[in-house]
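What follows is a short report on a single structure.
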Amino acid sequence: MTTTSRDARQGSASAPVSAVPKGTLVPLFIGLMLAMLLASLNQTVFATALPTIVGELNGVSSMVWVITAFILATTIAMPIYGKLGDQIGRKPLLIFAISVFMIGSVVGGLSADMGTLIVARVIQGLGGGGLMILSQAAIADVVPARERGKYMGVMGGVFALSSVIGPLLGGWFTDGPGWRWAFWINLPIGVLALLAATFFLKLPRQHGRPTLDWGGMALIATATTSMVLVTTWGGGTYAWTDPVVLGLIALFVVTAVAFVLVERRTAEPLIPMTLFKERNFVLTTIAGLLIGVAMFGALGYMPTYLQMSFGLDATVAGLAMIPMMAAMLITSTTSGALVSRFGRYKWYPVAGALSIAAAMVLLSQMDPHEPLWLACAYLGLLGVGLGLAMQNLVLIVQNTFPITMVGTATASNNYFRQIGATLGSSLVGSLFASRLVSLMAERLPAASAGQMGSADSLTPAVVSGLPEPVHDLVITAYSDALTPIFLWIAPLGLIAAVLLMFVHEKPLATRIERSSEAEPTTGSLSVASEQPSRTTVPSDPAEADDPGPESERTSTDELAPTR
């Protein structure tokens with residue numbers, strides 16, 4: 001008997017759990033959407049406010065860290081939240097993550113210099129990593145994979161909404177009450193999310209003491225940080241051959257190798273190496289990393305580009321992102337509904353990756369003298385790709401593993417996607433800043449450069465007030481510094497599409513079950529494991545005549561469209 005068949009026989013003893021009542025699922029889902037909104041909003045709200053913030057705080061050269069610090073902290077925190085969520089349950093961790101995020105928002109709102117602002121973004125990131133992972137994993141606790149597509153699609157829609165509301169709010173705050181309200185707005189949303197998490201989220205809790213992988217946590221934090229410092233400082237602050245950069249590269253290699261060795265030996269690894277035995281996990285993880293580079297390389301700097309190159313104020317620059325949001329919202333929710341309806345999902349992320357690659361090529365052709373609607377159309381195509389790809393990749397990962405590993409698997413997959421996001425924001429930011437300084441030094445006369453002051457004080461208001469010849473030189477330099485970078489990262493989308501073509505489209509699970517011996521937690525949804533509906537191919541010919549219990553087989557009802 002094969003291992004898969006044996007596992008299926010053991011799973012047949014477990015009693016199926018009935019569907020969660022709508023009265024319970026709806027408020028639960030609202031709570032998770034609020035937590036997701038809180039995290040995703042802060043990846044985008046600073047896009048339009050950033051030029052003014054760094055100009056006021058005299059920190060254009062540190063601009064990349066306002067974005068990168070948040071993503072870096074989020075990336076490091078994700079595997080920890082995922083592992084602990086599987087061990088002790090997700091509800092208490094979600095409440096903790098929301099609280100940490102709100103503390104970071106208070107620190108950011110009170111920031112008086114770039115150093116404090118960056119520290120605030122780190123604190124926000126430590127909470128934000130939990131908000132993203134726990135929201136995605138909690139859905140797997142209560143909704144079978146076959147039905148999960150439409151819920152994950154709506155969650156993707158939340159990110160799409162925040163990708164436009166964020167820049168729009170950031171612009172409105174900048175032009176109105178002030179950019180600090182980009183932090184203060186998190187407090188009322190955070191209070192609502194805390195109330196929803198406290199009273200609505202009835203999730204499974206695990207008994208026993210958690211086992212923390214302290215060695216893995218320290219190593220993954222060191223490796224991730226050193227890698228980000230290399231991509232941020234290399235070629236700009238320090239030459240690539242500088243001892244500082246070479247030392248960071250060596251530190252990354254050593255800690256990454258040590259992390260793998262530690263994870264192979266520890267009892268409760270932060271990122272189990274067994275995950276990489278699953279082809280679907282490996283393919284979707286690499287593809288997610290590549291898409292993350294392209295996605296955050298564009299999203300982090302497009303609103304700033306629109307302000308500088310097209311002369312838009314911060315609010316209008318936020319409105320110009322609406323085509324991307326609308327496309328992402330429509331494709332995310334529609335593809336999720338189609339996955340739940342027909343159970344097929346493989347080709348959506350493939351098409352999404354190809355759309356992202358095409359969008360990167362088109363964005364690289366932008367020119368400040370072309371009509372604005374062209375840039376909006378290119379952003380719309382990017383939104384189509386993101387809506388088709390992002391949430392479906394998470395669904396594929398969750399359908400690959402049992403419910404007892406969903407948190408760890410989701411967090412591990414998202415960790416590498418966030419690595420891509422970190423690389424995208426830091427690489428694009430570093431290259432953009434160094435190219436901008438170089439191009440302005442080449443093209444601007446010394447007298448004109450003196451009129452603007454230092455590069456660190458360059459803001460949209462300063463640029464718009466420059467004499468026309470100097471103004472044209474500045475916006476052309478700004479455009480020429482950024483747009484070619486999009487062409488350089490376009491091949492990443494093509495590579496991701498090729499990889500995703502080799503995903504094995506396993507039938508989506510139609511039930512969530514718990515082991516019969518497991519005791520339900522009072523007042524919570526009793527869910528402990530998910531049984532995927534898969535057809536087992538016996539390695540022993542004798543098994544072909546013994547189909548096994550009815551619960552082992554993938555029936556036609558299980559594969560039929562869910563109505």
Side-chain angles (χ1 to χ4, degrees), residues 32-50 67 71 128 131-132 135 150-175 182 185-186 189 291-292 294-307 310 312-337 348-349 351-353 355-356 358-360 362-363 366 372-394 417 421 424-425 486 493:
L32 297 180
M33 288 175 65
L34 282 171
M36 180 69 78
L37 177 64
L38 196 62
S40 60
L41 194 62
N42 271 266
Q43 289 187 327
T44 58
V45 72
F46 290 95
T48 46
L50 197 54
I67 299 174
I71 299 176
L131 298 179
M132 295 184 203
S135 298
K150 55 189 176 186
Y151 293 97
M152 298 296 286
V154 173
M155 280 193 160
V158 170
F159 185 86
L161 191 63
S162 68
S163 68
V164 163
I165 291 181
L168 188 59
L169 280 176
W172 184 75
F173 289 144
T174 302
D175 295 334
I185 189 63
N186 296 322
I189 299 176
I291 290 173
M295 174 182 177
F296 281 89
L299 290 185
Y301 299 95
M302 273 306 301
T304 302
Y305 174 85
L306 293 174
Q307 289 181 73
F310 288 93
L312 308 180
D313 61 34
T315 303
V316 177
L319 289 171
M321 302 292 287
I322 285 180
M324 188 188 74
M325 178 274 290
M328 188 174 175
L329 180 63
I330 292 170
T331 54
S332 177
T333 54
T334 302
S335 65
Y348 294 118
S355 298
I356 291 170
M360 289 294 106
L362 293 173
L363 288 172
M366 286 189 304
L372 178 61
W373 67 264
L374 267 180
C376 294
Y378 301 158
L379 288 171
L381 181 59
L382 178 62
V384 169
L386 296 175
L388 290 173
M390 301 303 284
Q391 297 305 318
N392 285 312
L393 292 179
V394 176
R417 182 187 301 176
S425 62
F486 295 143

When rounded to the nearest 0.5 angstrom, what distance separates [atom1] in [X] from [atom2] in [Y]?
X    : Y    : atom1 : atom2 : value
I330 : L388 : CD1   : CG    : 11.5 Å
S135 : L38  : OG    : CG    : 9.5 Å
L381 : M360 : CG    : CE    : 9.0 Å
N392 : S335 : CG    : OG    : 4.5 Å
R417 : M295 : CZ    : CE    : 8.0 Å
Q391 : T333 : CD    : OG1   : 11.5 Å

Measure the shortest side-chain to side-chain distance between [X] and [Y] over non-hydrogen atoms and say whether it is less than 4.5 angstrom.
X    : Y    : value
I322 : L379 : no
L374 : L362 : no
M324 : M302 : no
L382 : M328 : no

Using every non-hydrogen atom in the two residues, find where A389 and I291 come nearest and quote the distance to one decimal.
CB-CD1, 4.0 Å
Are any side-chain N or O atoms of S332 and backbone N or O atoms of L329, one a donor and one an acceptor, separated by less than 3.5 Å?
no
